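Whatever order the structure lists ligands and atoms in, that order sets their numbers, starting from 1. A quick note: this is a predicted structure, and the numbers were derived from the prediction, not measured.
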Amino acid sequence: MATVASSHFVSKNSHVNGASGLDTRTNLGQMGMWNQPMTHNGLRSLSNLDMLRMKIRSKAVARQAMRKSEKTESDRCVGNIVCGNGMNLVFVGAEVGPWSKTGGLGDVLGGLPPAMAANGHRVMTVSPRYDQYKDAWDTGVPVEIEVGGRVETVRFFHCYKRGVDRVFVDHPSFLERVWGKTGSKIYGPSAGEDYKDNQFRFSLLCQAALEAPRVLNLNSNKYFSGPYGDEVVFVANDWHTALLPCYLKAIYKPKGIYENAKVVFCIHNIAYQGRFPISDFSVLNLPENLKGSFDFIDGYNKPVKGRKINWMKAGILESDRVVTVSPFYAQELVSGEDKGVELDNIIRKTGITGIVNGMDIQEWNPATDKYLDTKYDNTTVAKPLVKEALQAEVGLPVDRNIPVIGFIGRLEEQKGSDILVEAISKFVGEEDVQIIGTGKKYMETQIEQLEVKYPGKAVGVAKFNVSLAHMIIGGSDFMLVPSRFEPCGLIQLHAMRYGTVPIVASTGGLVDTVKEGFTGFQMGAFNVECDEVDPADVTAIATTVKRAIATYGTPALNEMIQNCMAQDLSWKGPSKQWEKLLLSLEVGGNEQGLEGEEIAPLAKENIATP
Ligand SMILES: Nc1ncnc2c1ncn2[C@@H]1O[C@H](COP(=O)(O)OP(=O)(O)O[C@H]2O[C@H](CO)[C@@H](O)[C@H](O)[C@H]2O)[C@@H](O)[C@H]1O
Ligand SMILES: OC[C@H]1O[C@H](O[C@H]2[C@H](O)[C@@H](O)[C@@H](O[C@H]3[C@H](O)[C@@H](O)[C@@H](O)O[C@@H]3CO)O[C@@H]2CO)[C@H](O)[C@@H](O)[C@@H]1O
């Protein structure tokens with residue numbers, strides 16, 4: 001991540017009792033966990049369970065019918081807590097904030113599920129247990145999973161926060177590797193380097209996620225209890241979860257399990273597809289007839305030359321719907337090979353829906369932000385104090401009259417920090433620049449060198465630092481987002497809520513969320529070729545930054561600040577679009593939840609603090 005600063009630049013879901021029919025459970029109390037009558041639930045020994053499932057399914061159908069006939073509005077809604085009949089939703093992802101996060105994927109898995117719960121749906125997330133989360137308890141439910149020719153046991157940890165069942169898959173390949181480093185070592189030992197067994201790890205995640213709704217007797221609140229059962233919509237996120245629709249189709253549905261379940265595959269970033277040697281298909285525990293969905297040829301030697309398997313391709317093809325995180329990015333993905341990263345032809349066939357991301361308005365709220373010594377609101381009267389605190393924090397001259405430009409992003413080619421570094425020399429002159437960032441080694445070095453090149457004017461911090469990220473969002477006047485491509489982008493949303501005006505490249509969600517001259521500045525689209533810095537892009541940054549700085553202190557900028565802060569950037573709107581799309585899948589018994597607050601009061605009391 002990084003934030004730039006300038007003329008001062010800071011670069012751097014009624015009541016579903018007895019849903020299960022599993023009479024032998026033991027209430028474990030506080031956490032709402034019930035012990036499973038079965039000690040394990042391996043994919044190899046499903047016969048008894050199949051019968052049990054049939055029982056669950058028929059009870060579920062009966063329950064749905066009862067709900068519809070007997071429930072009145074007041075039964076369904078107690079106080080302000082939204083508890084419509086709703087859908088059973090299971091979001092699956094490699095990251096879920098705040099427990100695990102290397103970037104925006106974690107934010108979305110953190111923020112969208114509570115918003116869906118607040119819309120009246122029963123919502124679970126399933127992600128790995130990378131750390132000993134102090135708020136997540138062992139359910140005592142082990143599951144045996146076959147992967148790579150061996151049988152592995154995973155356990156489920158659970159907590160209930162903000163209306164969502166947060167389920168964490170426990171296996172040594174997650175915990176032992178990543179413990180204490182959930183901000184950086186989720187995918188590999190260092191940025192750009194992957195764990196060799198990532199296919200094994202994420203296969204485990206996908207299979208565990210298919211087991212969780214069936215084996216976990218959850219009693220998290222008085223409106224829902226028992227297992228989620230079979231009538232589920234899974235939302236799989238990015239390549240790590242692409243095997244889920246494949247296992248559903250190949251292993252579960254043929255056994256009569258999850259017959260009506262559906263999968264939505266959400267693309268957060270098509271740059272990461274999970275391409276592996278074709279020979280690795282044999283370790284995935286999938287039948288040969290699915291191989292075609294994975295089959296992929298590209299011109300690269302990485303990880304091997306020639307024919308490959310492509311997880312994301314299979315995820316797209318085997319899911320019921322494909323979604324991405326902004327309408328403009330959806331258009332870009334089908335526009336050609338470069339922006340569709342060689343999956344454009346596949347997505348053109350399946351179709352894709354773009355729903356812009358929301359942001360977590362609890363974590364990111366200038367009036368309550370725990371990382372800011374001084375809180376502020378849309379009067380922005382106290383914002384200069386936050387700026388001064390930021391300047392002092394990063395060691396730049398403290399002067400509220402100098403415009404400060406921030407930059408925050410994973411230091412990957414995507415984010416354009418390398419273009420920014422070149423552009424700084426073109427406008428730094430009398431301006432100051434501060435940068436913080438984390439990512440690929442050479443980009444870290446570039447960022448860290450800024451204060452050597454531009455002493456007193458630019459600072460780079462190559463670290464994943466949540467507190468500093470909040471200070472930069474709050475303390476900067478402008479936020480620079482020079483991305484080569486940006487599926488949605490959350491930085492500009494965070495910035496706008498804090499009255500920090502975004503200066504953005506005209507790509508993906510940045511086009512959908514930042515309006516030129518009204519809520520920010522557009523720089524035009526950049527060259528998506530990641531191996532070089534295009535001089536035209538350098539010029540575009542320099543020119544637009546100068547244009548933005550020229551508005552500093554003017555009524556025009558003040559108006560833009562007010563426009564930025566007046567927007568509802570929460571998950572409320574996007575979650576309604578998600579609801580519409582998910583309902584259209586017509587999974588048995590699914591209904592619209594009841595309109596209510598964005599985050600139910602009960603949920604508000606349960607803000608996650610891992
Ligand atoms: N060094 C650092 N220290 C602390 N926090 C840091 C940090 N670097 C980044 N962050 C945080 O990580 C998040 C980044 O989110 P983005 O959506 O902007 O980008 P990302 O590319 O990771 O996400 C991808 O998925 C999301 C979600 O769909 C899409 O919005 C996006 O376009 C797509 O690329 C922000 O919350 C930011 O504060
Ligand atoms: O939330 C931040 C992003 O997290 C995910 O991206 C990760 C990606 O899925 C992983 O595969 C890995 O990417 C590395 C890639 O595998 C490797 O070959 C090399 O190109 O370096 C990449 C970066 O290290 O790490 C990514 C996170 O850095 C998620 O898929 C994205 O949508 C999120 O933006």
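With a 4.5 Å cut-off on side-chain heavy atoms, Val233 and Val90 do not count as touching. In this structure, Ser203 and Asn285 have side chains that are not in contact, with every pair of non-hydrogen atoms separated by 4.5 Å or more.
Residue-ligand proximity, His268 to ligand 1, at heavy-atom distances under 4.0 Å covers atoms 24 (C), 25 (O), 27 (C), 28 (O), 33 (C). Atoms of ligand 1 found under 4.0 Å from any heavy atom of Arg410, numbered from 1 in the order shown, are 8 (N), 20 (P), 21 (O), 22 (O). For ligand 1, the atoms sitting less than 4.0 Å from at least one non-hydrogen atom of Lys415 are 18 (O), 19 (O), 20 (P), 21 (O), 34 (O), numbered in the order shown with element in parentheses. When each atom of ligand 1 is checked for a heavy atom of Val108 under 4.0 Å away, the hits are 27 (C), 28 (O). Atoms of ligand 1 found under 4.0 Å from any heavy atom of Val325 (numbered from 1 in listed order, with element): 28 (O). Close approach of ligand 1 to Pro487 is summarised as follows: ligand atoms under 4.0 Å from at least one heavy atom of the residue are 32 (O), 33 (C), 34 (O). Below 4.0 Å from some heavy atom of Asn269 lie the following atoms of ligand 1, by number and element: 34 (O). Which parts of ligand 1 touch Asn357 is read off a 4.0 Å heavy-atom cut-off, strictly below it: atoms 27 (C), 28 (O), 29 (C), 30 (O).
The aromatic ring centres of His240 and Trp311 sit 6.0 Å or more apart.
Annotation: cation-pi geometry satisfied between Arg177 and Tyr195 (NZ/CZ under 6.0 angstrom from ring centroid, within 45° of ring axis).
When non-hydrogen atoms are compared, ligand 1 lies under 4.0 Å from the side chain of Asp107 (C-beta onward) but not from its backbone. At a heavy-atom cutoff of 4.0 Å, ligand 1 is contacted by both the backbone and the side chain of Ile491. No part of Ile473 comes within 4.0 Å of ligand 1, judged by heavy-atom distances.
In this structure, Leu333 and Ile352 approach most closely via the heavy-atom pair CD1-CD1, 3.6 Å. Across all non-hydrogen atoms, the minimal contact from Ile541 to Ile419 is CD1-CG2, 3.8 Å.
An N or O contact shorter than 3.5 Å is missing between Trp364 and ligand 1 by distance. For ligand 1, the polar-atom distance check finds an N/O of Leu490 within less than 3.5 Å of one of the ligand's N/O atoms. Among the atoms of Cys488, some N or O lies under 3.5 angstrom from an N or O of ligand 1. At least one N or O atom of Asn465, backbone or side chain, sits closer than 3.5 Å to an N or O atom of ligand 1.
In the displayed structure, Tyr300 atom OH is contacted under 6.0 Å by at most 12 heavy atoms of other residues, nucleotides or ligands. Atom NZ of Lys375 is surrounded by more than 12 heavy atoms from other residues, nucleotides or ligands within 6.0 Å.
Going from atom CD of Glu318 over to atom NZ of Lys313 covers 10.0 Å, rounded to the nearest 0.5 Å. Distance CG/Leu510 to CD1/Ile503: 12.5 Å, rounded to 0.5 Å.
Judged purely by distance below 3.5 Å, without hydrogens or angles, the side chains of Gln273 and Asn310 pair a donor atom with an acceptor atom. Side chains of Glu95 and Ser100: a donor-acceptor N/O pair is absent below 3.5 angstrom, by distance only.
Residue contact check for ligand 1: Lys463 places a non-hydrogen atom closer than 4.0 Å to it. The closest approach between a heavy atom of Gly509 and any atom of ligand 1 is not below 4.0 Å.
Listed by chain and residue number, Asp298 satisfy the side chain to side chain donor-acceptor pair (under 3.5 Å) test with Lys308 (two or more places apart in sequence, or in another chain).
Relative to atom 31 (C) of ligand 1, the option among Glu363, Gln492, Glu486 with the closest non-hydrogen atom is Glu486. Taking only non-hydrogen atoms, the option from Ala469, Gly508, Gly104 nearest to atom 23 (O) of ligand 1 is Gly104.
Within 4.0 Å of ligand 2, heavy atoms belong to protein residues Glu95, Thr102, Gly103, Gly104, Leu105, Tyr187, Ala191, Gly192, Asp194, Asp238, Trp239, His240, His268, Asn269, Tyr272, Lys302, Arg410, Glu412.
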Set out, in order, the CA-CA distance, both residues' side-chain angles and the distance that settles side chain to side chain donor-acceptor pair (under 3.5 Å) for Lys185 and Thr102, then state yes or no.
CA-CA 8 Å; Lys185 298 205 170 191; Thr102 70; over 6 Å; no
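Salt bridge status for Asp477 with Lys387: present, with a side-chain N to carboxylate O gap under 4.0 Å.
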